[in-house]
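Accompanying notes for the structure given below.
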Amino acid sequence: MNSNFLDFRSDTVTKPTAGMLDAMMNAKVGDDVFGEDETVHKLETQLAETFNMEAGLFCPSGTMTNQIGIKCFTQPMDEVICDQTAHVYRYEIGGIAYHSGASVRLLYGERGILTPELIEPEVNEDNIHYPNSSLVVLENTVNKGGGSCYTLAQIAPIHHLCNIKGLKLHLDGARIFNALVATGDKAHEYGKYFDGISVCLSKGLGAPVGSVLLGNKETIKKARKIRKAFGGGMRQAGFLAAAGIYALDHHIERLKEDHDHARALANALISTNYVLSVMPVETNIVIFEVAKGTAQKVVDQFTEKGLHCNTTSASTVRLVTHLDLSAAMIDQAIEIILHL
Ligand SMILES: *Cc1c(COP(=O)(O)O)cnc(C)c1O
């Protein structure tokens, strides 16, 4: 791809840096299905400690960590409560039904953010007709909410409600580090609120592959067996885990740059006549609504000028910032936005 390819399609498009490749090349590995890969073990332990959870499980994707988590926390015929924008519902191919045999109760949060007031009336009473409500899933940041964030102050009362109602609480933390950088909350505080946390290494953190599911020892033991059943047991996976460790050590603080870049793009977009509105920018995602015509037409015009992004509906466009988009590239993108 040439240098004029400004890739705002997703924060998954990043390539490993030289330092990351070096860390991968030098990883000490073993057969992780035999429990012998020390680098995988280090990644799982490091991330569990970061979030104050007991244990971790390295998986190939965030879809797998979410779906294994949901399977750990539900029985067939149970019901999962989540926002209607949730990745676990919209973008995981109906996996909740397929893997866990559970139904889904959809809520309508403000930009994907749920509250105890929204959740409480949707928790089923014990009744022969009703599925058993057993799990709430939150997403932080909310992808389809334009990167909107929960603070821990918002999460604590949801956890409290779940406790009273006997529900488990799972976090789809594909972009949890973006949320932590934006809110200033501490990762270590998260462990006491969630039964499961899925953390993606291949989004803003810039690793090529991988997500980690965090939970207590019993959950992760069960999750390890489910991962094997899903075909996700990996052998010398330490080469990949090393990229994840490198990302955790080097790519968290810099997420603030991505957030600043997203804000700069939003400011440019809102000043143009082809943009009707821009969702508030909290992290690295910018979603805007086109003033007239279709979102696809605007995307096509951007693409012609070398700015690549995607629609998220017939009238909305999404741009995502990440570590392979430098300040100079953001300036180029802003020129394109201002002179479309
Ligand atoms: C990307 C993403 C995931 C996981 O996606 P994979 O491509 O399977 O790693 C989960 N949740 C959210 C909100 C995401 O954006």
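Order of listing sets the numbers, starting from 1, for every ligand and every atom in it. Note: hydrogens, waters and symmetry copies are ignored here, and every other heavy atom, side chains too, is used.
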Note to self: Geometry only, no angles: is Lys203 polar-contacting ligand 1 at N/O separations under 3.5 Å?
What the structure shows: yes

Item checked: Heavy atom of Met64, distance to ligand 1 below 4.0 Å -> no

Note to self: Between Glu44 and Ala48 (side chain of the first, backbone of the second, donor and acceptor by atom type, cut-off under 3.5 Å), is there such a pair?
What the structure shows: no

Next item on the list: Sequence neighbours left out, what passes side-chain contact (heavy atoms from CB on, under 4.5 Å) with Phe239? Give chain and number order.
Entry: Ala27, Val29, Gln236

Notebook entry, point to check: Is it the side chain (CB and beyond), the backbone, both or neither of Asn66 that lies under 4.0 Å from ligand 1, heavy atoms counted?
Noted result: side chain

Notebook entry, point to check: Ignoring hydrogens and geometry, is there a side-chain-to-backbone donor-acceptor pair from Ser313 to Thr316 under 3.5 Å?
Noted result: yes

Notebook entry, point to check: Does an N or O from Glu139, backbone or side chain, lie closer than 3.5 Å to an N or O of ligand 1?
Noted result: no

Checklist line | Ser202-ligand 1 polar pair, N/O distance under 3.5 Å | finding: no

Check: For ligand 1, which atoms sit closer than 4.0 Å to a heavy atom of Asn143?
Finding: 15 (O)

Notebook entry, point to check: Which ligand 1 atoms, with their elements, are less than 4.0 angstrom from a heavy-atom of Ser61?
Noted result: 8 (O), 9 (O)

Note to self: I want to check a possible cation-pi pair here: Arg235 against Phe34, using under 6.0 Å from ring centre and within 45° of the ring axis as the test.
What the structure shows: yes

Next item on the list: For Arg175, take its heavy atoms, then give the atoms of ligand 1 lying under 4.0 Å from any of them.
Entry: 15 (O)

Check: Protein heavy-atom contact under 4.0 Å for atom 7 (O) of ligand 1?
Finding: no

Notebook entry, point to check: Does Tyr190 have any ring-ring contact (aromatic ring centres under 6.0 Å, His included) partners at least two apart in sequence or in another chain, and if so, which?
Noted result: Phe194

Next item on the list: Determine yes or no for a side-chain-to-main-chain donor-acceptor pair under 3.5 angstrom, with Glu289 supplying the side chain and Ser315 the backbone.
Entry: no

Next item on the list: Could you say whether the N/O atoms of Asp172 and ligand 1 ever approach to under 3.5 Å?
Entry: yes

Next item on the list: Could you say whether the N/O atoms of Ala174 and ligand 1 ever approach to under 3.5 Å?
Entry: no

Next item on the list: Fit a plane to each ring of His159 and Tyr193, take the angle between them on a 0 to 90° scale, and name the class: parallel (under 30°), tilted (30 to 60°) or perpendicular (over 60°).
Entry: perpendicular

Next item on the list: Please lay out, stage by stage, how Asp260 and Arg263 fare under the test salt bridge (Lys or Arg N to Asp or Glu O under 4.0 Å).
Entry: CA-CA 5 Å; Asp260 293 342; Arg263 236 169 268 122; 3.2 Å; yes

Next item on the list: Name the closest protein heavy atom to atom 9 (O) of ligand 1, giving the residue it belongs to and the distance to 0.1 Å.
Entry: Gly62 N, 2.8 Å

